[in-house]
Amino acid sequence: MLETTAPAAAASAALPDFARRRTFAIISHPDAGKTTLTEKLLLASGAIRMAGHVKARGERRRTRSDWMEIEKQRGISVTSSVMTFERDGIVFNLLDTPGHSDFSEDTYRTLSAVDAAVMVIDVAKGIESQTRKLFEVCRLRDIPIFTFVNKVDREGLDPIGLMDEVSSTLALDLTPRTWPIGMGVDFRGLIDIAEKKAWLATERGGPLVREVPFTEIEDLIGLEGVEERIMEEAIESLTLALGVLPPFDLASFREGHLSPVYFGSALKEAGVPQLLNGLSDVGPSPLPRAAQGRTVEPGEDMVSGFVFKVQANMDPNHRDRVAFVRLCSGRFKRGMKLFNPREKRNMAIANPIFFFAQERETVDEAVAGDIIGIPNHGMLRVGDTLSEGESIRFEGLPDFAPEILRRVLLSDPMKAKQLQKALQDMAEEGVVQVLRPISDPAPIVGVVGTLQLDVLSARLEKEYGVPIRYETTSYATARWIVGERAEVDRFLDMNRSSTARDRDDAPVYLARSQWVLDRAIEEWPKLKFLAVKERG
Ligand code: G4P
C-alpha cells in the first residue's frame, strides 16, 4: 500500500517564523548535477534570475579542477554562498558547499550550519568518492539527508539495484518517495508515492505538468502517452521496492538513519517540485544547538548565532571581510549589538547582508535558520559565537588535525612581517592552519586537502604581494596535546624538534609517522593527542 502525508506547508502560516525556515546544503560528486539542481530549485520556487546563474555556472565549468576555479568562485561566492528563496510560506536557505573536488575544511564548516542536506547521485554512477566523504561529514552530526537520484532521462542503473548499492555503501536505510516511469529514452514521468499521483509530460520529453491522481497503482496502466510495457515495469519495480524497503518514518529520517529518495532529472526539471515538497513537508526547521553548558532553542528570545565562514579580500583594494553567521535563536534586527565572548566585547551590526534571490540586500530582520553576512575588519573569526548579552559558545565547529604539513619559505626574506600578517589572516579565514614550530622560525602550514596549499600560495602572492615556496617536512600528522600543564610542558621539553603552537598558542605534536604517534600515545598515558579540536 502507498501511504500519504499531509503537506505541512499549508499550515505554515500559523507557525512562528523560524519554524518556516529550511536551511540545507546540496552534497554531490562533481558533475552529478548540483548546479543544475540548484538552478531548478530556484526556478521551481519562482526566485530565479536565470541569466546570472547560468553565467556563474559557465565560469565554474570552464575552470573546473584547477585552483583558478576557486578564485573564480570567490568572485561569485558572496552572492551564491547562500541562496534564499520562498515557496508557499516556507523560506529555504540553500548554502553552497565549495564545488571543487578536493575536500576542505570549508565544506565541513558549511555543513555545520545546515539542518538537512540533499545528496545528489548520478543514476549511472551511484555513490562516488566525494559524495561519500561529504555524506560521512553529514553523518558526524546525524544531519537528515534527502537523496536525489539525478539524470533518469539517461540510461542508468536500475532503481532497485541503485538503491541497494547506495544503502549498503553508506549503511543508510532508503525509502522511495518518487519512482521513475521508465529511464533513458523510455523516461515518461514519475510516480509520487506520498501524494498518490503520477506526473507525466504532455508531449514526449516535455516538462512533467500532467498530473494523474490514482487510488490503486494499477490504475496507471493504460494511460495515454505511456506504453503499457514501461508502466508495468515501473509498477513492478516500485511494488518490489516498497515490499523490501522500510516505509518512510519521520523520526528515523530526522535522526539521519533513513533517507527519502527522489528520482528525477534536474535538467528536465523532473522531480524537482517533489523534492521541494519533501523539504517543505518533512525537512527539519531549525534545530536546537548544543552550546557549552546548555542547549539553545530556536524559539528563544535571545539572539544567537555562530560564524561558519569568513570570506576575506573580496575586493583586493579594500581588505574587507564578510563573516557568514548562522542564526540559532531570537529575532535579529539591524543595528543590534551582539556580544562576542572571544573578544569579550559588543559589536554593533550596522550593515548586515541578507541573501535573497542572488541579490545582496540589507537585512532588517532575520530569525533562527537564516544566514546573515556581517562585513567587518577582522573582528570575526570562524567559530565565533555572537549573542545578545549571554556569553555562550556553540559547539561543533572543530579544527581538524591537518594531514599535510609544509614549511613556508619566503622568496623575499624582507617580507617576513607581511608573511606573518598574511598567514594570520588566512588562518582566521580558515584557509589553512598555521603552526609555529617551537625550535624553528619558519612557520608550518597544515591542510586537509592539497588544493588548500595552491589557494594559499596564490592568494598570498596576489593579495599580499608575498610569494612563497613550500618545503616538505618530515612530519606525517599533527595532534593537539592536552593534559595537565606540567605534563604538557615536560612533553614539549623532551620533544622540542617535533612540537609547535597553533594560532591560539595551543601545543601541537608533529609526529613523523603513525607508528611514532602510537608510541607517544603509549608512553605518555597522562596526555591526550587529539585529532579534532573544538574552536573557541
Ligand atoms: P555539478 O554542479 O554537480 O558539477 O554538475 P552540473 O549541474 O554542472 O551538471 C554536470 C553535467 O550534467 C552538465 O552537463 C549538466 O547539463 C548535466 N546534467 C545535470 N543534470 C542532468 C540531468 O538531469 N540529465 C542530464 N541528461 N544531464 C544533466 P555538461 O554537458 O557537462 O555541461 P553543460 O554544457 O550542459 O552545461
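Any value given below was found using the heavy atoms of this structure, including those in side chains, with hydrogens, waters and symmetry copies removed. All values reported here derive from a predicted model rather than from experimental measurement. Note that ligands are numbered from 1 as they come in the structure, with each ligand's atoms numbered from 1 the same way.
On a distance-only criterion, Pro30 and ligand 1 share no N/O pair closer than 3.5 Å. For ligand 1, the polar-atom distance check against Gly33 finds a nitrogen or oxygen pair separated by under 3.5 Å. The distance criterion of under 3.5 Å between nitrogen or oxygen atoms is met by Ala266 with respect to ligand 1. Considering backbone and side-chain N/O of Lys34, one or more are found under 3.5 Å from N/O of ligand 1.
For Arg21 (side chain) and Asp17 (main-chain N/O), a donor-acceptor pair under 3.5 Å exists by modelled atom type.
Ring centroid separation for the pair Phe253 and Phe146 comes in under the 6.0 Å cut-off. Centroid-to-centroid, the aromatic rings of Phe85 and Phe92 come within less than 6.0 Å.
Of all the listed residues (Asn150, Val120, Ile27), Asn150 holds the heavy atom that lies closest to atom 20 (N) of ligand 1.
A salt bridge between Lys125 and Asp31 is absent, with no side-chain N of the basic residue lying under 4.0 Å from a carboxylate O of the acidic one.
The part of Arg154 lying near ligand 1 is the side chain, judged by heavy-atom distances below 4.0 Å. Only the side chain of Asp153 comes within 4.0 Å of ligand 1, judged by heavy-atom distances.
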Between Phe306 and Val325, is the side chain to side chain contact (heavy atoms under 4.5 Å, CB included) condition met? List the steps.
CA-CA 5 Å; Phe306 64 90; Val325 175; 5.9 Å; no
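With respect to Asp115, the salt bridge (Lys or Arg N to Asp or Glu O under 4.0 Å) criterion is satisfied by exactly one of Arg326, Arg254, Arg22, Arg141: Arg326.
Atoms of ligand 1 lying under 4.0 Å from any heavy atom of Ser265, numbered from 1 in the order shown and given with element: 22 (C), 23 (O), 24 (N).
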